[in-house]
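One structure is given here, and the rest of the page talks about it.
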Protein chains: 2
Amino acid sequence: MELNATSYVILGMLGFRPMCGYDIKQLVDKSTRFFWAASYGQIYPELRRLSDAGLIKGQADSDTARGRIEFELTPEGRRRLEDWLGDPPEIQEMRDESMLKVFFSGTAGNGGPRAALEAKRDHHSEVAARLRGIEESAKAADASGGPVTALRLGIAFNEFVADWCDKEAASA
Amino acid sequence: MELNATSYVILGMLGFRPMCGYDIKQLVDKSTRFFWAASYGQIYPELRRLSDAGLIKGQADSDTARGRIEFELTPEGRRRLEDWLGDPPEIQEMRDESMLKVFFSGTAGNGGPRAALEAKRDHHSEVAARLRGIEESAKAADASGGPVTALRLGIAFNEFVADWCDKEAASA
DNA sequence: GAAGTCATGTAAACGGTTACATGATTTT
DNA sequence: AAAATCATGTAACCGTTTACATGACTTC
């Protein structure tokens, strides 16, 4: 069975601990969503597919009796996740609409990239601030490893771009 | 008529000069594709839509007689482009699969984020190098404005991330 | 005359978002 | 009793990629 990045988001989350689809969505929304989002419309059908393929295994939670189905990785699922993590890097594509505005600014009579740079600066500033907030709670929870590295990289990157745009806007 | 980011890529390119679909594809492939790609499967149908909506106007090129259809912005098309450039920033979403690997590294028995960081470093290094090559030709052509700003931002950003990953990998 | 480039286009499939539908449980 | 949250799921739609089909013109 072919897996895509979103499949690995699910496998990866289940690698932390067993979870239901709702939990995965909540977790994604406060972690990977800054570089990879996922909607219910992807998560639930994908849980089904992964389960059919034997990479995860779900069972109805009898404790809560609220229709909750908890999934966990099977050994095969864990192997696939590990393989992917060890694989040579796949093609990376980026989509950043704010770069388009920088690129095309000046086409029209709006006097160069300054406005686009300021808007981009503000956006990255805000994201950096939000990530710094998350970092606080992560520190409190004494978290470590990949998630914290990703968080620190996100903060550094957003602050760098905000700063670059600010300086460039000032001199433009 | 509703326009999306790809529509504006086309309008933006036609803002530089009149072009055919093939030209747009070539140009995108060596400029915006680092932050926004476009395929023929999007470009040709979209040229049709934009033309039907009166935002661009095409005419068969009688000089070459090779089936080439050259499009240019109509005044209305230019107005829409300018509006978009002046608009408050739209939602920005990023998708970066290499961040997923950083985030999930350590889940499996692969010993932390070092390998993922090194792969990411190499990728951004390569992109930075390619962009620096483009910068050379841009300098030679004495280019300026939005495209050059976008290019310099791309170089700065890729070098920064490569550097950050390198340092982090070394200390991890 | 073969290979490469210029040029237009379409069909199928994939990936993803949005909006909706349903209902149980928990909190106010 | 009402509102919020937990929890699952689907259907319609949009955006994008990939692969294919076609043919003229140019270069070697």
Side-chain angles (χ1 to χ4, degrees), chain A residues 1-10 13-14 18-30 32-52 56 58-71 90-97 100, chain B residues 1-11 13-14 18-30 32-33 35-52 56 58-71 90-97 100:
Chain A
M1 180 201 174
E2 287 286 308
L3 302 183
N4 59 34
T6 301
S7 320
Y8 289 113
V9 170
I10 293 174
M13 290 301 184
L14 295 180
M19 269 181 249
C20 70
Y22 187 85
D23 293 338
I24 291 172
K25 170 72 169 147
Q26 303 305 106
L27 242 184
V28 163
D29 279 351
K30 53 179 172 164
T32 66
R33 87 164 159 109
F34 293 101
F35 43 89
W36 206 281
S39 62
Y40 286 125
Q42 286 172 275
I43 291 170
Y44 283 110
E46 188 64 22
L47 283 171
R48 167 69 59 102
R49 279 181 70 232
L50 292 169
S51 183
D52 288 348
I56 64 177
Q59 69 173 2
D61 194 327
S62 50
D63 295 348
T64 65
R66 211 204 257 232
R68 179 189 170 93
I69 304 162
E70 199 149 73
F71 290 92
E90 65 292 355
I91 313 104
Q92 298 181 39
E93 297 213 3
M94 267 205 16
R95 311 216 115 203
D96 184 342
E97 210 167 331
L100 281 183
Chain B
M1 178 202 175
E2 287 287 308
L3 302 183
N4 58 35
T6 302
S7 319
Y8 288 113
V9 170
I10 293 175
L11 291 182
M13 289 301 184
L14 294 179
M19 269 181 251
C20 70
Y22 188 83
D23 294 338
I24 291 170
K25 170 72 169 149
Q26 303 306 106
L27 243 184
V28 163
D29 279 351
K30 52 179 172 166
T32 65
R33 87 164 159 109
F35 43 87
W36 205 283
S39 63
Y40 285 125
Q42 287 172 275
I43 291 171
Y44 283 110
E46 188 64 20
L47 283 170
R48 167 69 59 105
R49 279 180 70 232
L50 292 169
S51 183
D52 287 349
I56 64 176
Q59 69 173 6
D61 194 327
S62 49
D63 295 347
T64 65
R66 211 202 258 233
R68 179 189 170 93
I69 303 163
E70 199 149 75
F71 290 92
E90 64 292 356
I91 313 104
Q92 298 180 39
E93 296 212 4
M94 269 208 11
R95 313 216 115 206
D96 184 342
E97 209 167 332
L100 281 183

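Throughout, a chain's letter reflects where its sequence line sits, starting with A, and its residues are numbered from 1. All of these numbers come straight from a predicted model, not from anything done at the bench.
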Does a side-chain N or O of A/Tyr22 approach OP1 or OP2 of D/dC6 to a distance below 4.0 Å, or not? yes
In whole angstrom, what separates B/Gln59's CD from C/dT8's P? 14 Å
Which distance, rounded to the nearest 0.5 Å, do you find between the CG of A/Leu47 and the OG of A/Ser7? 10.5 Å
Kindly say whether A/Ala38 contributes a backbone atom to a donor-acceptor pair with the side chain of A/Lys25 at under 3.5 angstrom? yes
Can you tell me the distance, in whole Å, between the CD atom of A/Glu46 and the P atom of C/dT17? 13 Å
Send over the distance from A/Asn4 CG to D/dT18 P, rounded to a whole Å. 13 Å
OP1, OP2 of C/dG15 versus side-chain N and O of A/Gln42: anything below 4.0 Å? no
In sequence, state the C-alpha distance, the side-chain angles, and the governing distance for B/Arg68 and B/Glu70, and then conclude on salt bridge (Lys or Arg N to Asp or Glu O under 4.0 Å). CA-CA 6 Å; B/Arg68 179 189 170 93; B/Glu70 199 149 75; 2.9 Å; yes
Whichever of B/Leu47 and B/Gln26 has the more 5' nearest nucleotide on DNA chain C, that residue is B/Gln26
Between A/Ile24 (CD1) and D/dA7 (C1'), how many Å, whole number? 13 Å
Tell me whether the side-chain N/O atoms of A/Thr6 come closer than 4.0 Å to OP1 or OP2 in C/dG16. yes
Would you indicate which nucleotide in D/dT8, D/dT17, C/dT8 comes nearest to any side-chain atom of A/Ile69? D/dT8
Please evaluate residues B/Ile43 and B/Val9 with respect to the criterion side-chain contact (heavy atoms from CB on, under 4.5 Å), reporting the C-alpha separation (whole Å), side-chain torsions for both, the decisive distance (0.1 Å), and the verdict. CA-CA 10 Å; B/Ile43 291 171; B/Val9 170; over 6 Å; no
Comparing B/Glu93 and B/Pro45 on DNA chain C - which has the more 5′ nearest nucleotide: B/Pro45
Does B/Gln26 have more than 12 heavy atoms from other residues, nucleotides or ligands lying within 6.0 Å of its CD? yes
Does a nitrogen or oxygen in the side chain of B/Arg95 sit under 4.0 Å from OP1 or OP2 of C/dG16? yes
Here the distance between atom P of C/dT10 and atom CD1 of B/Ile43, to the nearest Å, is 14 Å
Let me know the distance between CD of B/Glu70 and C1' of C/dT8, rounded to the nearest Å. 15 Å
Give a yes/no answer on whether the side chain of B/Tyr44 brings an N or O atom under 4.0 Å of OP1 or OP2 in C/dT8. yes
With sugar-phosphate meaning primed atoms plus P, OP1 and OP2, does B/Gly21 contact a base, only sugar-phosphate, or nothing at under 4.0 Å between heavy atoms? sugar-phosphate
Would you kindly give the CG-to-P distance between B/Asp23 and C/dA7, to the nearest whole Å? 6 Å
How many whole angstroms separate atom OH of A/Tyr40 from atom C1' of D/dC13? 21 Å
